4 protein chains.
Amino acid sequence: MEDHHDLLKLLEEEGQAKEITPKQAQILQAAVEIFAEKGYASSSTSEIAAKAGVAEGTIFRHYKTKKELLISIVTPVMTKFTVPFFATHFANQVFENPPAEFEELLRNLLKNRFEFAKQNAPLIKILIQEIAFHEELQDRIQEVFLEEVFPKFERILDHFKTDQTVIDYPTTTIIRMVVSAIVGFLVTRFLIAPDGEWNDEEELEQTIHFIMHGLSKPAE
Amino acid sequence: MEDHHDLLKLLEEEGQAKEITPKQAQILQAAVEIFAEKGYASSSTSEIAAKAGVAEGTIFRHYKTKKELLISIVTPVMTKFTVPFFATHFANQVFENPPAEFEELLRNLLKNRFEFAKQNAPLIKILIQEIAFHEELQDRIQEVFLEEVFPKFERILDHFKTDQTVIDYPTTTIIRMVVSAIVGFLVTRFLIAPDGEWNDEEELEQTIHFIMHGLSKPAE
Amino acid sequence: MEDHHDLLKLLEEEGQAKEITPKQAQILQAAVEIFAEKGYASSSTSEIAAKAGVAEGTIFRHYKTKKELLISIVTPVMTKFTVPFFATHFANQVFENPPAEFEELLRNLLKNRFEFAKQNAPLIKILIQEIAFHEELQDRIQEVFLEEVFPKFERILDHFKTDQTVIDYPTTTIIRMVVSAIVGFLVTRFLIAPDGEWNDEEELEQTIHFIMHGLSKPAE
Amino acid sequence: MEDHHDLLKLLEEEGQAKEITPKQAQILQAAVEIFAEKGYASSSTSEIAAKAGVAEGTIFRHYKTKKELLISIVTPVMTKFTVPFFATHFANQVFENPPAEFEELLRNLLKNRFEFAKQNAPLIKILIQEIAFHEELQDRIQEVFLEEVFPKFERILDHFKTDQTVIDYPTTTIIRMVVSAIVGFLVTRFLIAPDGEWNDEEELEQTIHFIMHGLSKPAE
DNA sequence: CATGAATGAGTCTTCATTCAT
DNA sequence: CATGAATGAAGACTCATTCAT
């Protein structure tokens, strides 16, 4: 239920504006589940319609094509998942007034993304799977990256590099490392082994420590 | 051409034994390219046949189903990419006679996988994309992980943990971190931005340094 | 035209309930003709669609598989042709109040089945041809035989055996003989030589006489 | 084994003359089994080849087409099953020197055909199933009927009609009745319920009695 | 707005047949 | 003679999309 509303909220905001009708909500819900389970190309609109409890035609009343349905689902995720690496309230706080410690920033970031992933695992799975095959998605994510993620990240990094806290690698390199660590964790946690026994708190801390200090045993 | 032979060698070895006929080779080559480009589900056997320059029926003489074709392509990659994280000559050297430094081992590993990825980017792309949707592949990779990767990795890690070189995290956690860093690098390098200007030597070293020491500016 | 309506009525009644749409009726009509002409296995859905004047896909909207189409056609025939050997109004009359003569019962039966066969020759041909190869059909007909035909027939026969009118053979044997004679006649009349010159009235009477008294010249 | 030789003998005699090679024998054997089981149209040459233990190409070395293979199998059966209703040694005896009793002739006929059917049930099944769909077969059987069965039967019948033993129905009518009774019995015995418990001797006698005297209780 | 019957292009797969070895 | 790799036409079936109701 809560998930349901969250999903809607997520998809709605960015959405084709307008109100989302109940039927449309059912369609989105069903599409997300089915796309996540079998992949976009292997999902059929008839199956989606069946699961959503609507007629096949109804889907096409709201989304001109199957692909448009995918885009409607995936685009908001891209923005919501990527941008807030620094965006919204949290981001701005961080930027205007960077925390004393780079580590603290990472912690915020990671916890934040963790919660998001927890509630939106299927959406993220769809995004990861489909981005490889749809140029529109690639273009959009590149845009988001270049306009949102990179510049903001760079500003912060400059701060901490000058600060002598963070090593002087190119921004893209650092982003790649941080993102790899975070995404690697989230993918393992929510997609590969969601049913394992996880001590999330601990894993989060260890991941932060890894990003900061690597695997080396701290000198005593 | 070289690629061609490499691909064949890779697919052949593990393969359904037998000799691979020329037509079969063309089919594999074409299938790899097309699967990598549009994904398994969106690739049609007729397109593969056309690109391979054979009749569509010929595909099914060699592979009973389209899925069997996929499996024939992907299975060897799983073994070849995953196992040699430590296997074969290199691995054994390492085990019998571990390098003085954990870092040195990482360097070997990374360079080794880098070369492999360089020559097999499309295969790896297919593997990553399709593993999410085919249980057979998941089963196989889990088997490989549990029987090959994990135990060998653990043995090495135990050595370096005792040694006080490596921090005392659970093996799975460390594997996740190392793999995330390596895969994150390879994916960025060969799939996301293969056309960027890359100073591979430097990136490799930085990645190793990141895995060892994280992003913290080394104390001077 | 009349045939058309009769066919529909036959197929419809037993049918998958629902209304039969016009297109569906065309499909059934075409399928019956083609199945009867070339046999189920040699008939193609594309040919059926063409003859029915619908798109091939339309067939599969109404019948999930080609086999389901066959079953939809053949099942009602089994019931309609077999059961009424004694069923419905006619049967009950006969049972409650058996005709003075066994011969009279045979005459009713034969005339009745003759009319049915006359109007449904293609359906009967399909039934005869396909029953050998489809277990579902065999199961269904066995069920019909055991639950409908046999018990009712037995009741009548017992009456006439006691009565000293009918020879004391096992029921199954008598059924086999009667059915062979009837089916043998109908098959010859409508399938083998439908275009011959037939004096139906006479042949019917002769067949009845044959069943009752065999070929022996009646003693004078 | 014996079956095997019998089959070969049957198929060979009429055959394309020549010797039948071992491979060819295996092909025939396999084809008969498979055709009988699934019907001609649903049998594949590859399956036949597999069961026969030969390469697919080998079939086409001996039989230009799949249909020719069918014809090679079915044609001899038609002759052997139909003609000997009166043909060969037995027939001639009968004709030159008709038995005192029509009943005796029927007994010979029935026993004879019974033995044949017992040993060639699959062949007969194939014949019955396929004759409806192949003009060549229909032409051939009509020829056989008109040239062999009918004239010989008529001669005998004339004898017994004159004799006042057999009722004066048209020859075709009588043939139909006799054939229906015989085929009805054989089909039930060997195709419909081959696994039932049969008292063959008794059923044969009852069938003869039925043909002669029908179902009427003999007057005492 | 919603429906669901209808479409027809396209999918994977089968198969009889050929032919170089 | 026998093989079996290769063919390509045809088969059953799927599916995104349209449109009259």
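Computed from a prediction, not measured in an experiment: that's the story for all the values here. Throughout, protein chains are lettered first and strands after them, A, B, ... in sequence-line order, and every chain is numbered starting at 1.
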- When you match B/K23 and D/K23 each to their closest nucleotide on DNA chain F, which lands nearer the 5' end?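 Result: D/K23.
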* To do: Find which nucleotide of DNA chain F each of B/T21 and C/A41 is nearest to by heavy atoms, and output the residue with the more 5' nucleotide.
  =>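 Between the two, 5'-proximity favours B/T21.
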query = To the nearest angstrom, how far is C/I59 atom CD1 from F/dG11 atom P?
reply =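 Nearest whole value for this atom pair: 12 Å.
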Exercise. CD1 of C/I34 versus P of F/dA12: gap in Å, rounded?
Worked result: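 From C/I34 CD1 to F/dA12 P: 11 Å.
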Distance-minimising heavy-atom pair for [X] and [Y]:
X	Y	value
D/P76	D/I71	CD-O, 4.0 Å
A/I141	A/M78	N-CE, 3.8 Å
A/V77	A/L123	CG2-CB, 3.8 Å

Polar side-chain atom of [X] near backbone of [Y] as donor-acceptor pair, under 3.5 Å:
X	Y	answer
C/E47	C/I34	no
C/K66	C/Y40	yes
B/S42	B/G39	no
B/K51	B/A30	no
D/Q138	D/A132	yes

Any side-chain donor-acceptor pair under 3.5 Å between A/S46 and A/E56?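 Their side chains do not contain a donor-acceptor pair, so the 3.5 Å distance test is not met.
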### Message
Can a side-chain donor-acceptor contact be found between A/K23 and A/H62 if the only test is distance below 3.5 angstrom?
### Response
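No, no side-chain donor-acceptor contact under 3.5 Å.
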*asked:* I'd like the 5' and 3' limits of the part of DNA chain E contacted by chain B, with heavy-atom contacts below 4.0 Å.
replied: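 Result: E/dT11 to E/dT14.
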Could you say whether C/R61 or B/R61 is positioned toward the 5' end of DNA chain E, judged by the nucleotide with the nearest heavy atom to each?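 Looking at the nearest nucleotide for each, C/R61 comes out on the 5' side.
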Name the pairs: protein N/O against N/O of nucleotides 13-15 of chain F, kept only if under 3.5 Å.
residue, atom, partner, partner atom, Å
F/dC13, OP2, C/K66, N, 2.7

Between the opening five pairs and the closing five pairs of the helix from E/dA2-F/dT21 to E/dT21-F/dA2, how far apart are the helix axes, to 10°?
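One end axis against the other gives 0°.
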Enclosure of D/K64 NZ (heavy-atom neighbours >12, cutoff 6.0 Å) |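 Count not over threshold, so no.
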